[in-house]
Engineer: 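Structure provided below as structure tokens; questions to follow.
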Amino acid sequence: MKRRAFYTKNGLHALHVVADVFGIQMELLGRNMEIDFQAYNDFYRYNYSAFAAKNVPVSLPRINIYKGREIFMKRILTLLVVLIMIMSCIPASAKVAYDYGEYKDALDQFEACAFSAEYGGDGRDYTVRWRDSLNVYFEGDYTDADIAFFYRFVSELTQRIDAIPEIRITADRYDSNVQIYFTSLDQLDDCLSSYTEGNWGYFTYWNSGAYMTNLEIGIATDVTTQRQRNHLLMEEFVGGLGLANDHYLNEDSILYGVWTETQSLTTADWLMIQFLYDDRIPAGLTVNEVKPLIEKYY
């Protein structure tokens, strides 16, 4: 299984803990044996500000500790327990299991979603996807729950889709190629390079040929509940992976074209992402070129 990583940048050093869970690496770094334990408390409560300020990325179950004091060990054990509890909520399967009906649904939905964008009229008729790692920067009025939900979703994504590129959280805006803005509805237009008025969630992307290079996501915070923000964050991020259009074939899908508050992806949704990131199926193909390859491999 490939290793994924969430990182922040701060140049901290000395104590070094590496853990590994769901294939996601986390590094906990401290300054010269003087550990700010509040940062670790903040971390396992999913406080993103701790990620950004203290260089606290994520992972488990193998832990190697090089130096430290008894109190530091206790904090790490607490962290271990918390992350194991999270792990119990995430599906163990690294593959997308499906039946023939779900496969057919995915193929029909893929044709609607993967070859054009919902807005903008980009004229694209071929698939696009990420090749480089996604370096994600959060800005605005996000909550601890927003960050926790994003982490859990990306953990499941990297668990299920083996070929997905690395997804990292960065505290440096200039190091990012994915920016996620949480702001009021009337400010979304100011945050995003392009925006269609009235949308509570919106994304826009840039691509160079068949490969995506940058992504902006906006989430309205003043008109949404936490549940609605969870849905929007997941929907826009999946769109930003390359499934950039909606469909009207299954109302349970995260990409259904009419408003819902679904909190998880369907099997067909997962299959669409797997189709798009299958190493055996090149990016940049039209629907007539892709479908025979999907039918060959699935």
Side-chain angles (χ1 to χ4, degrees), residues 4-9 24 48 51-52 110 113-124 126-142 146-147 149-158 160-161 163-183 187-196 199-221 224 229-246 254-255 265 269-270 272-277 283-284:
R4 309 300 179 198
F6 285 74
Y7 292 99
T8 59
K9 302 185 64 126
I24 297 177
Y48 176 70
F51 290 10
F110 188 77
C113 296
F115 300 93
S116 61
E118 181 180 3
Y119 297 104
D122 60 2
R124 176 172 61 85
Y126 54 87
T127 57
V128 294
R129 68 188 185 205
W130 289 87
R131 176 172 53 190
D132 300 327
S133 64
L134 288 79
N135 303 318
V136 182
Y137 176 76
F138 287 86
E139 183 171 318
D141 302 324
Y142 53 82
D146 293 324
I147 300 303
F149 184 83
F150 180 78
Y151 167 67
R152 289 194 300 270
F153 173 64
V154 170
S155 297
E156 186 175 7
L157 177 65
T158 56
R160 287 177 176 265
I161 311 299
I164 206 81
E166 287 185 330
I167 300 173
R168 305 179 177 196
I169 293 177
T170 179
D172 184 353
R173 168 67 175 79
Y174 298 100
D175 182 49
S176 67
N177 53 13
V178 178
Q179 299 86 41
I180 304 179
Y181 301 97
F182 293 81
T183 189
Q187 293 297 311
L188 283 178
D189 191 34
D190 295 330
C191 292
L192 302 174
S193 299
S194 66
Y195 173 68
T196 298
N199 283 280
W200 291 0
Y202 198 85
F203 77 92
T204 187
Y205 69 89
W206 288 258
N207 62 292
S208 177
Y211 294 102
M212 307 180 82
T213 58
N214 201 77
L215 172 66
E216 290 179 344
I217 294 174
I219 306 293
T221 57
T224 54
R229 286 197 302 279
N230 291 348
H231 170 89
L232 290 165
L233 185 57
M234 190 162 47
E235 177 185 358
E236 308 310 329
F237 195 77
V238 169
L241 292 176
L243 297 173
N245 212 336
D246 290 342
I254 196 65
L255 297 175
L265 274 62
D269 291 336
W270 287 116
M272 285 195 287
I273 301 172
Q274 188 163 295
F275 293 162
L276 186 60
Y277 282 88

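Throughout, residue positions are numbered sequentially from 1 according to the sequence presented. The shown structure was predicted, so the numbers you read here are calculated from the model rather than taken from an experiment.
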Engineer: Among Phe138, Tyr142, Phe182, find the one that has a ring-ring contact (aromatic ring centres under 6.0 Å, His included) with Phe150.
Structural biologist: Phe138
Engineer: Donor-acceptor pair, distance only, cut-off 3.5 Å: does the side chain of Arg229 make one with the backbone of Thr224?
Structural biologist: yes
Engineer: Nearest 0.5 angstrom please: Asn177 CG to Thr170 OG1, how far?
Structural biologist: 9.5 Å
Engineer: Can you find a pair of side-chain heavy atoms, one from Ile254 and one from His231, that are under 4.5 Å apart?
Structural biologist: yes
Engineer: I want to check something: taking the side chain as every heavy atom from C-beta on, are Glu156 and Trp270 in contact at a cut-off of under 4.5 Å?
Structural biologist: yes
Engineer: A side-chain contact here means heavy atoms from C-beta on lying under 4.5 Å apart; do Met272 and Leu255 qualify?
Structural biologist: yes
Engineer: Are Ile273 and Leu157 close enough that some pair of their side-chain heavy atoms sits under 4.5 Å apart?
Structural biologist: yes
Engineer: May I ask you to decide if Leu276's main-chain N or O and Arg129's side chain share a donor-acceptor pair within less than 3.5 Å?
Structural biologist: yes
Engineer: Measuring from atom CG of Asn245 to atom CZ of Arg124, what distance do you get when rounded to the nearest 0.5 angstrom?
Structural biologist: 8.5 Å
Engineer: Let me confirm one number: the CG-CZ distance from Asn230 to Arg152, rounded to the nearest 0.5 Å.
Structural biologist: 7.5 Å
Engineer: Mind checking the CG-CG spacing from Asp132 to Asn214? Nearest 0.5 Å is all I need.
Structural biologist: 11.5 Å
Engineer: Looking at every non-hydrogen atom in both residues, tell me the closest pair between Leu192 and Gly218 and how far apart they are.
Structural biologist: CD2-N, 3.8 Å
Engineer: State, to 0.1 Å, how close Thr221 and Asp141 come at their nearest heavy-atom pair, and which atoms those are.
Structural biologist: CG2-O, 3.9 Å
Engineer: Indicate the atoms forming the closest heavy-atom contact of Gly209 with Val128, along with that distance.
Structural biologist: O-CG1, 3.6 Å
Engineer: A side-chain contact here means heavy atoms from C-beta on lying under 4.5 Å apart; do Phe115 and Thr127 qualify?
Structural biologist: yes
Engineer: Please name the pair of heavy atoms, one in Asp172 and one in Tyr137, separated by the smallest distance, quoted to 0.1 Å.
Structural biologist: C-CD1, 4.0 Å
Engineer: Check the pair Met212, Val178 against side-chain contact (heavy atoms from CB on, under 4.5 Å), reporting the backbone distance first and the verdict last.
Structural biologist: CA-CA 11 Å; Met212 307 180 82; Val178 178; over 6 Å; no
Engineer: Only one of Ile217, Thr196, Ile219 forms a side chain to side chain contact (heavy atoms under 4.5 Å, CB included) with Tyr202, so which one is it?
Structural biologist: Thr196
Engineer: So, Ser176 side chain and Val136 main chain: donor-acceptor pair closer than 3.5 Å or not?
Structural biologist: no
Engineer: Which distance, rounded to the nearest 0.5 Å, do you find between the CZ of Phe275 and the CD1 of Ile161?
Structural biologist: 10.0 Å
Engineer: Any heavy-atom pair between the side chains of Trp206 and Glu216 that's under 4.5 Å?
Structural biologist: yes
Engineer: Mind checking whether Asp190 and Tyr181 have side chains closer than 4.5 Å, heavy atoms only?
Structural biologist: no
Engineer: Which pair of non-hydrogen atoms, one from Asn135 and one from Ser133, has the smallest distance, and what is that distance?
Structural biologist: OD1-OG, 3.5 Å
Engineer: So, for Arg160 and Gln274, which heavy atoms are closest and what is the spacing to 0.1 Å?
Structural biologist: O-OE1, 4.1 Å
Engineer: How many angstroms lie between atom CZ of Phe203 and atom OG of Ser194, to the nearest 0.5 angstrom?
Structural biologist: 10.0 Å
Engineer: Determine whether Tyr277 and Trp130 make a side-chain contact, defined as any pair of heavy atoms from C-beta on separated by less than 4.5 Å.
Structural biologist: yes
Engineer: Would Leu134 and Ile164 satisfy side-chain contact (heavy atoms from CB on, under 4.5 Å), going step by step from the backbone distance to the final call?
Structural biologist: CA-CA 10 Å; Leu134 288 79; Ile164 206 81; 5.9 Å; no
